[in-house]
Amino acid sequence: MSEYLIFLILDIINKSASIGTILKLGYSYSEALKMFNELENMGYVYTDDEIKQGITQRGKNKLLELEEKYRYKEIAKLEQYKVEKMSLEDIYLP
C-alpha cells in the first residue's frame with residue numbers, strides 16, 4: 001500500500017468521513033476493506049464493539065508525519081494541455 005493511500009485512509013477515518021474518496025479513486029468496497037484491515041494489522045486503526053472505526057495514537061503520529069508530505073502538495077500542470085501564446089490577430093478555433 002502506498003504512503004499516499006495510507007495518508008488518505010487515515011485522514012478519512014480521523015475526520016469520520018465516508019469512503020467515497022477512495023471509491024472515486026477507482027477502488028472497490030472490498031479493496032477498501034482490505035486496506036482498512038491492513039492498517040488495522042499495522043496498528044494504525046481499530047474497530048470497537050459498536051463497529052466504529054477509530055485511529056490509534058500510533059496512527060495519529062503516522063498521519064501527522066504523512067500530512068507534512070502530502071497535505072499541501074501542488075497538482076502539476078499537464079503539458080499536453082498547454083496552449084501556445086497567440087497574437088491578437090490570430091483566430092482561435094478550439
Side-chain angles (χ1 to χ4, degrees):
M1 183 181 325
S2 70
E3 278 190 340
Y4 180 70
L5 199 54
I6 291 173
F7 164 70
L8 189 62
I9 295 173
L10 288 176
D11 192 42
I12 288 170
I13 294 170
N14 191 40
K15 293 179 180 176
S16 299
S18 69
I19 62 167
T21 308
I22 296 172
L23 298 177
K24 285 180 184 177
L25 290 174
Y27 294 99
S28 66
Y29 285 106
S30 61
E31 290 171 327
L33 184 60
K34 286 178 188 176
M35 288 185 270
F36 180 81
N37 287 337
E38 191 173 332
L39 287 177
E40 195 170 28
N41 291 337
M42 290 179 188
Y44 295 147
V45 295
Y46 67 92
T47 306
D48 64 6
D49 295 336
E50 298 176 3
I51 317 278
K52 289 187 179 179
Q53 292 83 20
I55 189 167
T56 62
Q57 186 60 43
R58 184 176 176 196
K60 287 180 184 179
N61 294 339
K62 185 68 172 178
L63 180 62
L64 289 175
E65 174 190 325
L66 294 175
E67 199 169 53
E68 293 175 10
K69 188 174 183 180
Y70 293 110
R71 175 61 67 185
Y72 300 109
K73 192 171 186 174
E74 293 182 6
I75 298 173
K77 296 178 183 175
L78 294 176
E79 292 295 321
Q80 65 192 27
Y81 296 113
K82 193 173 185 178
V83 178
E84 293 182 26
K85 260 190 170 179
M86 298 173 60
S87 69
L88 293 173
E89 290 82 28
D90 290 338
I91 298 172
Y92 174 72
L93 296 173

According to salt bridge (Lys or Arg N to Asp or Glu O under 4.0 Å), does anything in residues 18-27 pair up with another residue at least two apart or in another chain? List the pairs. none
Can you measure from CG (L63) to CD (Q57) and round to the nearest 0.5 angstrom? 11.0 Å
So OG of S2 and CE of M35: to nearest 0.5 Å the spacing works out to 9.0 Å
For the residue pair Y46 and I55, establish whether any side-chain heavy-atom pair is separated by less than 4.5 Å. no
Which residues satisfy the salt bridge (charged side-chain N to carboxylate O under 4.0 Å, His left out) test with E65, sequence neighbours excluded? K62
Just jot down the salt bridge (charged side-chain N to carboxylate O under 4.0 Å, His left out) partners of E38, sequence neighbours excluded, or say none. none
Donor-acceptor contact present, side-chain R58 to main-chain V45, <3.5 Å: no
Are M42 and Y27 in one and the same hydrophobic cluster, where Ile, Leu, Val, Met, Phe, Trp and Tyr link if side-chain heavy atoms are under 4.5 Å apart? yes
Show me the donor-acceptor pairs, under 3.5 Å and distance only, between side chains in residues 7-15 and residues at least two apart or in other chains.
from, atom 1, to, atom 2, distance (Å)
D11, OD1, R71, NH2, 3.2
D11, OD2, K15, NZ, 3.4

Compare every heavy atom of K69 with every heavy atom of E3, then report the nearest pair and how far apart it is. OE1-NZ, 2.7 Å
Go through the structure and list residues passing side chain to side chain contact (heavy atoms under 4.5 Å, CB included) with N37, not counting sequence neighbours. L33, E40
Mind checking side-chain hydrogen bond (donor to acceptor under 3.5 Å, both in side chains) for E68 and listing every partner two or more places apart, or none if nothing turns up? none
Before you tell me yes or no, could you show the steps for F36 and T47 under side-chain contact (heavy atoms from CB on, under 4.5 Å), namely the whole-Å CA-CA distance, both residues' side-chain angles and the distance that decides it to 0.1 Å? CA-CA 10 Å; F36 180 81; T47 306; 3.4 Å; yes
